[in-house]
Amino acid sequence: MAVDKNVVVKIPSDARVYPDRVVSIGQGLHYSEVQQRNVREKRTIGIPHPVKPGMMYPNDTFKLLYRKEFEEQAHTKLPIGELLIGMYAAIMAVSVEIGLYEILLTVFGEKRAHMMLDYAMYIIICHSNVSQHYEYRMHNMLLFSRVAYSDTVWSDFFSHITKEEIQQFKDLWIDKCQERGLTSGYISSDGSNDDCESEGVDEASKGKAKSGKNRKIVGFMYSVSNVDGTLLTWEAYRGSYVDSTVFENMLQYLILHHIKPKALLLDRGFCNKKCLNLIKDNDMHFIIKLVESTTGCKTMLNQCLESLKFNVQKRISGEQLFGESSESQIQLFKDKDTKGYVHLYYDWKNGGERAFALMDTVEMVRESLERQIKKYNEEKDTLNEQQESKACTESSPTEKKDRTNVQVEASAENYSGESSEAEQKKKEKPISVPAKLNKILKIVESQDGYKSLEVNYEEYQKRVFEKGFFSIATSFKCMADDAYAGYKLVAMEKNPFSN
């Protein structure tokens, strides 16, 4: 990385110094295909000064993103440079061709329509929707608007978009899709599960957030063309769980606009009985990613676990996956009424990462438990020694007591011993195995009260070996390649909504 060591500038407040001695800023989240999740994007803007705290040597990225700050501190003017026009040309061509440009002008007017296209350009380029960095990142791009607006302008812009305008846009867009020959589609649901960072969002509600914290999140249901994956319409709903009412409203909306719903695509954990009943009532197919604990997934794992891994005859075309399909319909859930064809897949890359992550977790928990057990047993040894010493002292022949006093005092002493032991147990912090690992690790207690840790290596090996497997259920018979291709339409629309 080339830095300008002739200039020293202040480290920006939104930047941080990382252990590898570089100064970087976060630029929002983007979806990582490798890690299968949203990750924080970082951009390096220089290196810290070796002796001046809070100062740094800037690189060209700093000059681009913090142009004003660099010019003020370096007491120099940077050349204006050239405007990049490629993305502008691409977005203009595509939006005109599919009718999007005309619809935006109709609903929002020229200025706001152009702002929307500029922001779409920004999201595509940066894989981020954080408006804080917009002005810096887009200053050298050819825009639909006159200038690159500040974060304040964008906050005001988005807060003034009305629900009526959004609905008008959705109506015009789905009609335009129908005119283009997209007359059938899939309905898909995605909880996204990302924490909702915005304040005052009506649809945000408590749900199963990916962060594991008690944060509000927003779910999305959308319909995509079964021909090319084009987004037909969408609906936001509260939380992360599928609402059958939202599903029913989506069905009616598609039918109203002459779009035939062909199948429901559901990500793992979003399927419920009401949704399945609506599928049956409307004579629709389904493509559902199953949770590992479902009956259908377990059945296929038992049948194909050994034979599927790295079986060259079972490779999914063009993918680093191996797949196998059931020959007949099998039970999907505990509810025996719901059956379908189950397709089991093995993702070797994901499986390896998850297997090592599990092993790291088990070893970390195991070491922690062994330390706790060792401390517990040592404290028990100390307590036993104290009781034995006390018993020896009390039975000394030098003490002269009559039988009655001995009996009374012995009774009191026994009570005192029992009391101290009870108090000791109350003070003890319970040693427990995390629920997710209680089939692998087990704490056992001997007859004399000492504890030890046992490892169920058979279950441990089984859990590691099963990592990387996932399954998709379909209501129709097809090859594993076709089922996976259909499910990929979920990811096609999931990423933009997650951003």
**Asked** Can you list the residues that meet the side chain to side chain donor-acceptor pair (under 3.5 Å) rule with E135, with sequence neighbours excluded?
**Response**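 By the side chain to side chain donor-acceptor pair (under 3.5 Å) rule, E135 matches no residue at all.
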**Asked** Looking at residues at least two apart in the chain, or sitting in another chain, which of them share a side chain to side chain donor-acceptor pair (under 3.5 Å) with D482?
**Response**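 So D482 forms no side chain to side chain donor-acceptor pair (under 3.5 Å) with any residue.
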Is [X] salt-bridged to [Y], cutoff N-O under 4.0 Å?
| X | Y | answer |
| --- | --- | --- |
| E179 | K176 | yes |
| E370 | K375 | no |
| R354 | E292 | yes |
| K467 | E353 | no |
| K462 | E458 | no |

**Item:** Where C177 and L231 come nearest, the two heavy atoms and their spacing
**Value:** SG-O, 4.1 Å
Are [X] and [Y] close enough that their ring centres sit under 6.0 Å apart?
| X | Y | answer |
| --- | --- | --- |
| Y88 | F144 | yes |
| Y149 | Y134 | no |
| F286 | F476 | no |
| Y345 | Y484 | yes |

**Asked** Any side-chain donor paired with an acceptor under 3.5 Å for S368 and Q372?
**Response** yes
**Prompt:** Is the closest side-chain donor-acceptor distance between S317 and D481 under 3.5 Å?
**Reply:**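 No, because no side-chain N or O of S317 sits under 3.5 Å from a partner of the opposite role on D481.
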**Item:** Separation between OG of S293 and NZ of K334, rounded to the nearest 0.5 Å
**Value:** 8.0 Å
**Asked** Can a cation-pi geometry be assigned to K451 and Y376, taking NZ or CZ under 6.0 Å from the six-membered ring centre and within 45° of the ring axis?
**Response**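 Judged by the rule, K451 and Y376 form a cation-pi pair.
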**Asked** Does NZ or CZ of K309 come closer than 6.0 Å to the centre of the six-membered ring of F469, within 45° of the ring's axis?
**Response**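 No - K309 does not lie over the ring of F469 by the 6.0 Å and 45° rule.
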[Y] side chain reached by [X] side chain, heavy atoms, under 4.5 Å:
| X | Y | result |
| --- | --- | --- |
| V23 | T44 | no |
| I288 | I472 | no |
| E165 | R112 | yes |
| T233 | M250 | yes |

**Request:** On the 0 to 90° scale, with breaks at 30° and 60°, tag the Y66-F62 ring pair as parallel, tilted or perpendicular.
**Result:** parallel
**Request:** Measure up the F169 and F108 rings against each other and bin them: parallel (under 30°), tilted (30 to 60°), perpendicular (over 60°).
**Result:**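 Geometry flag for F108 against F169: tilted rings.
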**Item:** Passing candidate, side chain to side chain donor-acceptor pair (under 3.5 Å) with E324, options Q303, H343, K314
**Value:** K314
